[in-house]
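First the structure, in the form of C-alpha cells, and then the observations on it.
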Amino acid sequence: MKKKVPRFKNREEEARFWETHSVADYIGDLKKIDRIFTVAPGLAESIRERALTKAISLRLPVWAIAGAKKVAQKKGVGYQVLIKNWISECLQREADH
C-alpha cells in the first residue's frame, strides 16, 4: 500500500515527522523536480572558487600568527582567511610587476 506524505502546518512539524519516518516509505508520493534550489550568484562563485582550492600545511612563527589574529579580529574576519587574502594580494601585486 502506497503511503501519502501528510500536510504539515510548519517546517518544525515536518522536521519532527521526518525524524521518525523513512522517506523510502513515501517514495511513490514524492514529486519529481528538475531543480533542487538556487543560490545567489556571489555564493555560487564562492563555491566554485572553494572547489578549486587545495589545503596545505604551512608553519609560521608564533608571533606572526598572533599578529595575524589581532589584525583579523579588528577586521572581523578569521585569521586564516586574512592570511589567505594577504597571500593572494601579494601574488597579484607581483604578477602585475
Side-chain angles (χ1 to χ4, degrees):
M1 180 176 145
K2 189 163 85 170
K3 293 182 181 181
K4 294 273 189 189
V5 176
R7 291 209 176 260
F8 304 104
K9 294 177 187 168
N10 52 48
R11 290 182 183 244
E12 291 78 22
E13 183 181 65
E14 184 176 6
R16 284 192 305 273
F17 176 84
W18 290 116
E19 285 175 357
T20 58
H21 294 78
S22 171
V23 71
D25 294 334
Y26 298 87
I27 202 80
D29 193 39
L30 299 179
K31 297 175 188 167
K32 183 176 181 178
I33 58 172
D34 294 328
R35 187 172 25 167
I36 297 174
F37 61 88
T38 59
V39 296
L43 177 58
E45 182 61 27
S46 294
I47 292 169
R48 279 191 290 278
E49 286 178 9
R50 186 164 179 96
L52 299 175
T53 63
K54 180 179 179 179
I56 64 165
S57 176
L58 182 65
R59 294 196 178 275
L60 297 172
V62 173
W63 62 266
I65 296 171
K69 285 182 177 181
K70 285 182 184 176
V71 174
Q73 187 174 24
K74 287 180 186 175
K75 292 181 176 266
V77 298
Y79 78 98
Q80 293 176 340
V81 171
L82 180 71
I83 293 170
K84 183 176 116 177
N85 289 342
W86 283 344
I87 292 170
S88 294
E89 290 168 7
C90 186
L91 288 170
Q92 187 61 53
R93 249 192 333 267
E94 289 297 319
D96 292 342
H97 285 101

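Every heavy atom of this structure was used, including side-chain atoms; hydrogens, water molecules and symmetry mates were not.
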Going by the side-chain hydrogen bond (donor to acceptor under 3.5 Å, both in side chains) test, which pairs reach into residues 84-97, not counting sequence neighbours? Q92-D96
For residues 59-83, which side-chain donor-acceptor pairs fall under 3.5 Å, sequence neighbours excluded?
none

Would you call R16 and E13 a salt bridge, using N to O less than 4.0 angstrom? no
Quick one: OH on Y26 to CZ on F17, what's the gap to the nearest 0.5 Å? 3.5 Å
